[in-house]
Amino acid sequence: MTEFTMHPSLFLAAGALAVILLPARLRYIGLLGGPLLALLAVFSLQVGTTWTHPFLTYELQVLKVDALSRVFGIIFSIMALLGATYALHVLNRGEHVAALLYAAGSLGVVFAGDWLTLFFCWEVMAASSVFLIWYRRRRESLAAGFRYLMVHFVGGNLLLGGILLLMSQGNVAVSALTGAEGPAFWLVLIGVGINAAIVPLHAWLTDAYPEGTVTGSVFLSAFTTKVAVYVLVRVFPGTELLIWAGVIMALYGVVYAVLENDARRLLAYHIISQVGYMVAGVGIGTELALNGTVAHAFSHILYKSLLFMGAGAVIYATGRSKLTELGGIAKLMPWVVVLYMIGGFSISGVPLFNGFISKSIIVYAAGVSHMGLVEILLHLASVGTFLHTGLKLPYFMFVGDGKDRGLPPITVRKIPANMYVAMAGGALLCTLYGIVPWLLYAELPYPLAYEPFTTLKVVATLQLLTATAAGFWLYLKKLGGEPTISLDTDWFYRKPAAKLNWILDALRGVKGTVEAWGGVLFQAAVPYVHNPLLVGVGFLRNVSYKAARSLEQGGWTEKTVYDEHRHRVSTQLNVFFTALFMGAMLLVLYTNL
């Protein structure tokens with residue numbers, strides 16, 4: 001059916017406008033009101049609702065609601081509200097505007113029924129999200145933001161190229177491309193794959209997310225990769241290549257996370273790992289696997305944002321993000337520890353938390369589809385998840401005694417109440433969906449007959465987690481963070497860029513030399529511009545003293561004032577040469593013709 005319905009993104013855009021226009025004391029109206037109204041708008045949307053708009057020769061579907069878009073719309077709106085609550089104390093209007101427009105673009109992609117609308121909102125996401133990195137106002141953040149922008153510029157252009165090819169074939173509506181295997185298929189897949197952080201196209205994420213603002217990184221953790229997962233589910237279900245791409249992501253992310261020392265970069269690597277489960281689910285392509293992908297994306301947004309909130313609270317309170325510089329602060333911020341651990345248990349798949357009721361669907365789907373190796377490798381990635389996010393990070397960030405490592409005492413400043421409220425809201429939802437999974441299962445795009453709380457699943461999970469915890473305590477001293485960095489695939493474009501900087505420095509030196517000599521020559525030429533007669537007199541003086549002497553005897557000296565009416569070429573002569581030139585050109589053209 002076709003009916004006029006307010007697009008949820010418009011409420012977020014209106015909230016951004018309100019943040020700009022309203023005085024500071026009323027800014028919360030736009031900051032919280034926009035996401036809240038967007039959430040209500042999503043819940044009011046009925047499956048089958050469309051909103052079309054003519055553009056050139058196309059009929060664009062700027063709003064198309066089905067079960068898949070609706071469930072992503074729900075979680076993105078919830079996340080926008082939680083993120084806005086967490087950022088309520090921030091005074092920077094620009095950061096709030098960027099966050100709301102970022103969320104608006106994400107909802108725009110989710111509800112886009114045509115490729116043009118999808119691409120426009122895709123670019124809104126990239127253009128607005130980079131400011132959440134830049135507003136940290138550090139040199140590292142500025143550089144990371146530019147790299148983030150350049151990578152998404154490449155990805156966006158690849159996506160646009162694929163879209164133009166599809167539209168040239170008459171495919172305006174967003175639809176599945178599985179099995180197409182043409183140039184458009186690969187351009188769109190790679191463009192979306194960059195946003196999904198598919199290895200080796202992932203390094204932008206771990207480069208940029210740790211450099212964002214404390215509140216901005218919470219938004220970053222939730223939207224870009226999960227919007228890409230939505231597009232993969234919509235456009236590439238059953239693409240077998242994605243199965244192994246997802247498995248590699250799941251393992252690659254946990255390995256680098258275990259090695260990482262920076263708290264938010266560790267969490268960023270684990271985004272890659274968890275999105276790997278989703279990508280693998282898309283590749284498996286069965287209704288069960290796609291339900292698992294959607295459910296896990298829903299759960300991931302909640303617990304990953306909660307983890308970034310917890311790490312952000314530590315950075316806000318202490319000014320530190322390195323695990324080697326933290327520790328011994330659990331008693332100073334106990335509620336942050338509790339709320340963080342709910343996120344840690346959720347991401348680790350502990351029963352009664354939302355990660356358990358979603359991740360297990362994908363692993364189960366791999367087993368049902370007789371992909372035993374995939375099932376085993378995804379289980380193995382779960383071990384790494386609990387090891388670093390559920391054990392290593394909270395231990396060395398909160399519990400480990402920094403005095404043993406020679407650290408000075410850590411001063412902790414008070415955390416704003418709104419940050420606690422946002423964390424509590426995320427923790428509540430992680431627990432609610434973990435205890436009552438049917439609240440989520442009812443919103444999934446396909447009917448789901450799956451029971452997460454069977455004795456076998458619960459016992460097997462607890463055995464795996466217990467063994468992981470035992471290993472952590474046995475090798476605790478070897479798992480501590482190291483004040484080093486890990487080389488990743490961004491080396492391949494950052495290292496050449498450093499060489500390019502050397503070349504640019506050399507060119508800048510050449511430019512400076514040319515400018516210096518040019519200035520000297522310009523100063524020397526100024527007198528001759530004022531008096532062109534100096535050119536002829538000076539030349540003759542250097543070539544022929546006798547000729548110069550004759551000119552001076554005739555009154556032509558360097559002191560002779562140039563008179564344009566006396567010395568310029570006559571107008572008649574200029575007209576003659578112009579006519580001669582044009583006649584020659586006409587003759588040449590006539591001869592060629």
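The two residues A313 and M333 have their closest heavy-atom pair at O-CE, 4.0 Å. In terms of heavy-atom proximity, V174 sits nearest to A112 at CG2-O, 4.2 Å. Shortest non-hydrogen contact noted between A222 and M79 is CB-CG, 3.3 Å. Smallest separation of non-hydrogen atoms from H96 and V90: NE2-O, 2.8 Å. The heavy-atom pair separating P452 from W438 by the smallest distance is CD-CH2, 4.1 Å. Between L339 and A427, the closest heavy-atom pair is CD2-CB, 3.8 Å.
For the pair Y277 (side chain) and M249 (backbone), a donor-acceptor distance under 3.5 Å is absent. With H202 contributing its side chain and Y269 its backbone, the two residues share no donor-acceptor pair below 3.5 Å. Not a single donor-acceptor pair under 3.5 Å links the side chain of T389 to the backbone N or O of F386. For Y303 (side chain) and G344 (main-chain N/O), no donor-acceptor pair under 3.5 Å exists by modelled atom type. Y86 places a side-chain N or O within donor-acceptor distance of the main-chain N or O of M309, the cut-off being under 3.5 Å. Under a 3.5 Å cut-off, the side chain of T293 and the backbone N or O of M278 do form a donor-acceptor pair. When atom types are taken as modelled, the side chain of Y433 and the backbone of N354 share no donor-acceptor pair closer than 3.5 angstrom. Here the side chain of T213 pairs a donor or acceptor atom with the backbone of G216 at under 3.5 angstrom. In this structure a side-chain-to-backbone donor-acceptor pair under 3.5 Å is present from S44 to A41. K359 contributes a side-chain N or O that, together with a main-chain N or O of I347, makes up a donor-acceptor pair within less than 3.5 Å.
Here I315 contributes atom CD1 and L326 contributes atom CG; the two are 8.5 Å apart, rounded to the nearest 0.5 Å. In this structure, T215 OG1 and M419 CE are separated by 8.0 Å, a value rounded to the nearest 0.5 Å. Atom CZ in F345 sits 12.5 Å away from atom SG in C430 (nearest 0.5 Å). Between the CG atom of L391 and the OG atom of S348 there is a distance of 7.0 Å, given to the nearest 0.5 Å. Here the CG atom belonging to L267 is positioned 12.5 Å from the OG1 atom belonging to T206, to the nearest 0.5 angstrom. For the atom pair I357 CD1 and L440 CG, the distance stands at 5.0 Å (nearest 0.5 Å).
When ring centroids are compared, Y102 and F219 stay outside the 6.0 Å threshold. Taking the centre of each ring, W134 and F131 come in below the 6.0 Å mark.
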* To do: Start with the C-alpha gap between I194 and W204, add the side-chain angles, then the distance that decides, and say whether side-chain contact (heavy atoms from CB on, under 4.5 Å) holds.
  => CA-CA 9 Å; I194 289 175; W204 61 268; 4.0 Å; yes
* Where do N261 and T324 land on the side chain to side chain donor-acceptor pair (under 3.5 Å) test, with the steps shown first? -> CA-CA 7 Å; N261 184 42; T324 49; 3.1 Å; yes
* Dump the intermediate steps for side chain to side chain donor-acceptor pair (under 3.5 Å) on S321 and R264, then the final yes or no. => CA-CA 7 Å; S321 62; R264 291 198 297 180; over 6 Å; no
* **Full working for side-chain contact (heavy atoms from CB on, under 4.5 Å) between Y148 and L205** => CA-CA 8 Å; Y148 173 91; L205 190 155; over 6 Å; no
* Just do the side-chain contact (heavy atoms from CB on, under 4.5 Å) check on L393 and H388 with the steps written out, would you? => CA-CA 6 Å; L393 195 153; H388 60 70; over 6 Å; no
* Asked: Between L220 and I133, is a side-chain contact (heavy atoms from CB on, under 4.5 Å) present by the stated rule, with each step listed?
  -> CA-CA 9 Å; L220 291 169; I133 304 167; 3.9 Å; yes
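When side chains are defined from C-beta on, F223 does not count as touching I301, because their heavy atoms never get closer than 4.5 Å. Looking at W122 and L160, their side chains never come closer than 4.5 Å, going by heavy atoms from C-beta outward. In this structure, K304 and F308 have side chains that are in contact, with non-hydrogen atoms separated by less than 4.5 Å. A 4.5 Å side-chain heavy-atom check between F153 and L149 finds every atom pair outside the cut-off. The closest side-chain heavy-atom distance from V275 to I198 is not below 4.5 Å. Within the 4.5 Å cutoff, no side-chain heavy atoms of L306 are placed close to those of L302. Between F43 and R70 there is a side-chain heavy-atom pair separated by less than 4.5 Å. You'll find the side chain of P445 reaches within 4.5 Å of the side chain of N291, heavy atoms only.
Note on ring orientation: taking the six-membered ring where Trp is involved, the planes of F396 and F472 are perpendicular (angle over 60°, cut-offs 30° and 60°).
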Could you give the side-chain donor-acceptor pairs of residues 12-34 under 3.5 Å, partners two or more places apart or in another chain?
| residue | atom | partner | partner atom | Å |
| --- | --- | --- | --- | --- |
| R27 | NH1 | L91 | O | 2.6 |

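Ion pair D262/R320 not flagged as a salt bridge, since none of the NZ, NE, NH1 or NH2 atoms sits closer than 4.0 Å to an Asp/Glu carboxylate oxygen.
A search for ring-ring contact (aromatic ring centres under 6.0 Å, His included) contacts involving F111 returns H7, not counting sequence neighbours.
Both cation-pi conditions hold for R413 and Y316: the charged atom is under 6.0 angstrom from the six-membered ring centre and inside a 45 degree cone around its axis.
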